[in-house]
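Quick notes on the structure that follows.
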2 protein chains.
Amino acid sequence: MPRKSAGKPPADPSDSKSARTRERILDAAAHVLSRKGYAGTRLGDVAEQAEIQAPAIYYYFSSREVLIEEVMWVGVARLREHVAEALEALPPDTAPMDRIDTAVEEHLRFQLAISDFATAAIRNAGQVPEDIRTRQLAEERKYGDIWRTLLHDAQKAGELRADLEPRAARMLVLGALNWANEWWNPRQGSLDVVVRTAKSLVRHGLEVPTTREQGGARPSGGSRGRRTATSAGRTA
Amino acid sequence: MPRKSAGKPPADPSDSKSARTRERILDAAAHVLSRKGYAGTRLGDVAEQAEIQAPAIYYYFSSREVLIEEVMWVGVARLREHVAEALEALPPDTAPMDRIDTAVEEHLRFQLAISDFATAAIRNAGQVPEDIRTRQLAEERKYGDIWRTLLHDAQKAGELRADLEPRAARMLVLGALNWANEWWNPRQGSLDVVVRTAKSLVRHGLEVPTTREQGGARPSGGSRGRRTATSAGRTA
DNA sequence: CTCATTATCTAATCTAAATTAGACTATAAT
DNA sequence: ATTATAGTCTAATTTAGATTAGATAATGAG
């Protein structure tokens, strides 16, 4: 492992040559793992992608499993951060269903277009050995909390249909998004189209049907009849 | 391989001892593969589950890959047959969206409660080596055709919202269902609840909102009154 | 310039499974 | 009973990769 005091270039721990090589290996592992799957991930392939020899990996990671586990952990962590930041950037009064829209879009874009780590984590969740799986679950739960909250808020606001069981609805929605890793490919369709379709599908799938008759919205009781178009969008 | 003319019990090819052992191995492989994944499936585990010794597998299958490929092929084939039969059993005048309801329910029930083969096929679709994957794709396309038709019919009948891109919508719906293998477990919730939630989610997710005010249902050409709301896109 | 360490390489080892060999057993036809 | 063949077992053999050993290079500190 990279020791401390010695002949090391920049005292900066985050950008030393060592740190960069480690990153390169991690990136390479995410690349391979996201495409070949847990079984198909050879340290030889990772090394090749990182432009080193396989044994050099052991200078930074104590084993193949440890390397893979870190990739998967990073994958979920970054996905969570990405979605969380997108949500935090929304105006505080954004309607619950619009927040879900954002989460759907960011989850999809992040895993499909941005991060091999997220793809690796999602696609291999059910393939890794027991012990990795267990620790991974803890991290996944944290991400799940975001969605739990999103749906819960929608429910409180009366925007969620009552016939939906919250947990099942949440997992089904996440499943629709996660599974996109299995079929979407930039060569056969635009990501925007997928995002647009997913947002519509999820919104209408969850939302209480709007009774928009010309008679005027009946502001019965509480905060129904939301509407709230939020900020500039990327809709076509 | 089981030869022909010799000391064989029943001339019936489908129920010979040989055929039954072969089945047992196939079932065992589906059992293990559906739970442990492609990487984790050891012939030793399969053999144990089938109550034989590992090398005996080679009497029926020429290699681990051949065995796994057959499990996966059977998985998709049976899933397709199951869903197809359920659809054929419906009254001929069943509305497109009700047919989709049926497909959702049967797909879910079959994979979650009935067939390890379907689970194995779905969960490992993206994990098997290239050559298996390619052949598997052909079989999957046949199943996909059922769904393509379902959505297409719904579209023709004006029951499908126009803002949904058909292929993306189909894959997202199938993803929601397929992913259930990753999280559903009989110990933490009733399958009925999942099925009910999925049906509702999919129906409302796809369907043109019903204007069930005192007038009749008006599947008018355009989709008026659209919802606006667009997330704040592309966050930094 | 020389040294201490880091970083990386090449050449073994090790090991878990898959696969093969070859013997043994069970069964039904004769 | 005898025997041919199916079916199964135990004991090798093989092999792909992970992991280790043991040099060898690179580099900043002094």
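Protein chains get the first letters and strands the later ones, always in sequence-line order, with residue 1 at the start of each.
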key: A:Asp145 and its salt bridge (Lys or Arg N to Asp or Glu O under 4.0 Å) partner, picked from A:Arg141, A:Lys142, A:Arg148   =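 Output: one option passes, namely A:Arg148.
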
What is the distance, to the nearest angstrom, from the [atom1] atom on [X] to the [atom2] atom on [N]?
{"X": "A:Tyr60", "N": "D:dA18", "atom1": "OH", "atom2": "C1'", "answer": "19 Å"}
{"X": "A:Ile57", "N": "D:dA18", "atom1": "CD1", "atom2": "P", "answer": "8 Å"}
{"X": "B:Phe61", "N": "D:dT8", "atom1": "CZ", "atom2": "C1'", "answer": "15 Å"}
{"X": "A:Arg20", "N": "C:dA7", "atom1": "CZ", "atom2": "P", "answer": "11 Å"}

query = Is B:Arg78 close enough and on-axis enough to B:Phe117, meaning under 6.0 Å and within 45°, for cation-pi?
reply =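 Geometry flag: set, cation within 6.0 Å and 45°.
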
Side chain of [X] only, please: which of [options] is the nearest?
{"X": "A:Pro55", "options": "C:dA7, D:dA21, C:dA21", "value": "D:dA21"}
{"X": "B:Ser18", "options": "D:dG7, C:dT8, C:dT20", "value": "D:dG7"}
{"X": "A:Arg64", "options": "D:dA18, C:dT8, D:dT8", "value": "D:dA18"}

Respond yes when some side-chain nitrogen or oxygen of [X] is under 4.0 Å from OP1 or OP2 of [N], and no when none is.
{"X": "B:Tyr59", "N": "D:dT8", "value": "no"}
{"X": "A:Tyr58", "N": "C:dA7", "value": "no"}
{"X": "B:Thr21", "N": "D:dG7", "value": "no"}

Atom pairs and distances, side-chain donor-acceptor, residues 43-54 of chain B, under 3.5 Å, sequence neighbours left out:
none

ask   = Is the backbone N or O of A:Leu177 less than 3.5 Å from a side-chain atom of B:Trp179, with the two atoms forming a donor-acceptor pair by type?
value =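 Answer holds: no.
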
inquiry  = Using a 3.5 Å distance criterion without hydrogens, assess whether the side chain of A:Arg123 forms a donor-acceptor pair with backbone atoms of A:Ser34.
reply    =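 Here the side-chain-to-backbone pair exists.
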
inquiry  = Quick one, A:Arg196 with A:Glu105, criterion salt bridge (Lys or Arg N to Asp or Glu O under 4.0 Å). Give me CA distance, side-chain angles, the key distance, then yes/no.
reply    = CA-CA 8 Å; A:Arg196 193 153 52 236; A:Glu105 170 152 9; over 6 Å; no

ask   = Going by heavy atoms closer than 4.0 Å, what residues in residues 41-53 of chain B are next to DNA chain C?
value = B:Thr41, B:Arg42, B:Leu43, B:Gly44

task = Kindly give the heavy-atom pair with the smallest separation between B:Met97 and B:Ala154, and that separation in Å.
result =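 Looking at all heavy atoms of both residues, the shortest contact is CE-CB, 4.4 Å.
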
note = Between A:Arg203 and A:Asp101 the two heavy atoms that sit nearest each other are NH2-OD2, 3.4 Å

ask   = Do B:Tyr143 and B:His82 have ring centroids that are under 6.0 Å from one another?
value =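 Aromatic pair excluded; centres sit 6.0 Å or further apart.
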
note = Within residues 27-36 of chain A, those residues having any heavy atom closer than 4.0 Å to DNA chain D are none

